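Just so you know, these numbers use all the heavy atoms, side chains as well, and skip hydrogens, waters and symmetry mates. The chains referred to below are lettered A, B, ... by the order of the sequence lines, with proteins before strands, and numbering in each begins at 1. Keep in mind the model is a prediction, meaning the values are calculated, not measured.
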Amino acid sequence: MRKMTCTDVEQANPGYPQTPVLVDMSEQLTEAQQEAVEHIDGPMLILAGPGSGKTRVVTHRIANLLQHGIAPHRIAALTFTNKAADEMRIRLGTLAPGQDVWMGTFHRFCARLLRRYAPLVGLQENYSIYDTADSKQAMKRAVTAANVSTSHTSPEQIAAVISRAKNRLVGPEMMQGQSLRANETVAARVYPVYQQQLLTANAVDFDDLLFHIARLLRESPELRAELDQRYQYIMVDEYQDTNLAQYAIVRSLSIDYPNLAVTGDPDQSIYGWRGADLNNILDFEKDYPHVKTVRLEKNYRSTPNILRAADQLIRHNTRRKNKQLLTDREEGAAVVLRMYEDGYREADDIADQITAAIAMEDCRPRDFAVFCRMNALTRSLEHAFRSRSLPYQIVNGVEFYQRKEIKDLLAYLHLINNPAHDVALLRVINVPTRGIGAKTIERLRDFADSHRLPLLEAARRVDQIDTLPARSATKVRQFVEMFDRLSIKATAALEDLVLYLLEETGYRKYLEKSSVDEQDNSPLANVDEFVTATVEFDRQHPDDGSLEAFLEQVALVSDTDAWEESNDRVTLMTMHAAKGLEFPRVFIIAVEDDLLPHYRCKEDPMQVEEERRLLFVGITRAEQQLQLSYCKRRAMRGEMRPVVGSPFLMELPREEMRSVEPDDSNQFFDAPDEFAYPDSWDLPAVDANDDHDELCQLPPEEQMPEKPAKSDKALPAALTTAAKLLDNQDQTQKVPLSAFKQGMVVTHAEYGGGRIATLTGRGPKCTATVEFFNGTQRSFRLAFAKLVPGDQDLD
DNA sequence: ATGCGCCAAGTTTTT
DNA sequence: CTTGGCGCAT
């Protein structure tokens, strides 16, 4: 189970302006790095390739600023993830101990400002931050209240449109006139309602954090000037991932004091879907005319083999800044390109490889990472790892905070902190059940909506709702009374508050009663862990009104923040989550068409480029060894489907890579009928730039560079000819899985005849244990085993 | 009002 | 294979 992390972001020791700064300038920095570190005033763009020591440069630069007498509180370092901020804080801690430089994510930066200036946007300072699930609930309610037809759209789509609007700084009023497309028109009508309801609930969603601050800065010149002066030296990490709102914020804080230093790499921009605008970094030099540009092109992380693969791949993109990847390191092992029959074998083999390496070589579980495109793909690996007792950590898994019992507890806390938090109230008003059903809630909501009141306030005025039966009104009144009892404890230590509410609300009893049979990961155990986390938080925040801080913390931590470097475990994560990390040995699984260039973005060349960058990010995490793999078939939404390798694989320097096919050439049933080349490949891969290799324009068959020796075997499925396919199919006997029954006689190609002793599992996992007539006993996955019914002769 | 069970839908990436 | 939404029986 995931551990809760309680990293404090605010550092509360303002009294150390004169602490000596321990910049160890004797540490070797390259010329380019030195240049960046020593830059003080004016805008700077640091184009930092992967593994180029960017964090080191940034922290050294901050130390250098401090050494030049710039007050720590004049500096702010904005990052994209908490993880990156923590890393920076630790590194700066060794260079300049005790300095109070603000470091954190954009969202946290804005959240903090918004606490102070909440009234300016119509909020109170105890406003709540809705997470994605909360906004989804709120959106549904807004859609209902706006009374629009959702026949051709969904709340999710509307939410996406509104989110995009906010990221582009388009407010509800601006959207009315301009929209054209159908679902945008609907969204435009929901938008103001949604926003009004957020305001009533004294809440913001993630986008609002940026949006409100960006607007404030634009509409209040005084405030803008004040904050510009307050934060005279701003650094932005991962600048290629900023959206327009973030751009605007940074921009308006760098007018009077244009000492803005941004680091980034256009090739690692992978958040376009979230509104990130690559132009922010591509046009930085235009936006800030006297900008100093520094390129960090030397890579300290990966072997030349890995870098060449990354470089070849990314060359196929058009929207980028030319950049070399240089290294002094030794060649290292060839990059491995591996094909598997299916995802299970892929998982098993990777688990075996890792197990063997740990046993035979000088490496540990923490040296390994497995990346994938979607979280769902970690399932099979999890299974394989667990069965081998290989320690692993999933950075994402079933997220702790998303479990029902944790969300319920958090909802109670949210409600205590912000009684207007409607989503929280709706969540807990009848959990455990208190006789407040759907009808009652509907009436409460109608009353609240028509009076623009928070639901709890409506509940307080339950007497004014004449449509409500007396019995229901009583229940509601009892709930309000209970809430008031909780409220009294709001300022108590978090732990006490949580323990108190567990009893007072009857929630603990409710859990004890409802969860009898569940053993692993029982809700009660999660509740205990939650309590532990509050204890920890209390310990770290002895003074401040910790409930609000705690809730903000929880809202703004992401799953990627759960990753713990100190654990000696194999890491399983998405490539998005992997950004900024590095591992000696990396496996990237499911590099398959429709998955890596995800099918939902294949029509848009820009998005395909982003997918390519995603793979680039994955590849460049690897220090020493890298394996890319794909399968012939993969279980998707419950059933096996044939798949083909990603077209990106064709863009790699395959002649120098090591291609591996499954060593046991097991036949399989239901051979995929289309191993055909993906259509997208027929499109010219990249038009534009000078330097793309002509291989791309050849038809698939000729595209393969000549292979040395046994290249035939090494051909990926994607390139298998139709003729071979037919061949293959002819040899493959099609036997439906259902043909196998317990007790029946079967024949195996290697072991000969035998009898099925047991049959377990279903579908692709169906496994037969066979007692062979020669005395041995073996288990097989029916879907893959060379097993046929009856007592036959096999050639 | 509650709670169970069925059916349908929809599956990217995250602050 | 999972979640969420809805309808039915208690």
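- Between Phe537(A) and Phe550(A), the angle of the ring planes goes over 60°, which puts this pair in the perpendicular group of the 30/60° scheme.
- Nearest nucleotide to the Trp273(A) side chain, out of dT2(B), dA1(B), dT13(B): dT13(B).
- If you measure from atom CZ of Arg471(A) to atom C1' of dA1(B), you get 8 Å, rounded to the nearest angstrom.
- Stacking between Tyr271(A) and dT13(B) is absent: the aromatic ring centre is not both under 5.5 angstrom from the base six-membered ring centre and within 30 degrees in plane angle.
- For an aromatic pair to be called close, the ring centres must be under 6.0 Å apart, and Tyr194(A) with Tyr191(A) fails this.
- Backbone-only contact: Thr440(A) has heavy atoms under 4.0 Å from sugar-phosphate atoms and none from a base.
- Straight-line distance from the CD atom of Glu156(A) to the P atom of dG4(C): 11 Å, rounded to whole Å.
- Nucleic acid contact class of Arg434(A) (heavy atoms, under 4.0 Å, all strands): sugar-phosphate only.
- In this structure, CD1 of Ile394(A) is placed 13 Å from P of dT13(B), rounded to the nearest angstrom.
- A cation-pi contact links Lys579(A) to Phe80(A), judged by a cut-off of 6.0 Å to the six-membered ring centre and 45° from its axis.
- Phe80(A) comes within 4.0 angstrom of sugar-phosphate atoms only, judged by non-hydrogen atoms across all strands, and of no base.
- Scanning for salt bridge (charged side-chain N to carboxylate O under 4.0 Å, His left out) contacts around Asp408(A) gives Arg427(A), with sequence neighbours left out.
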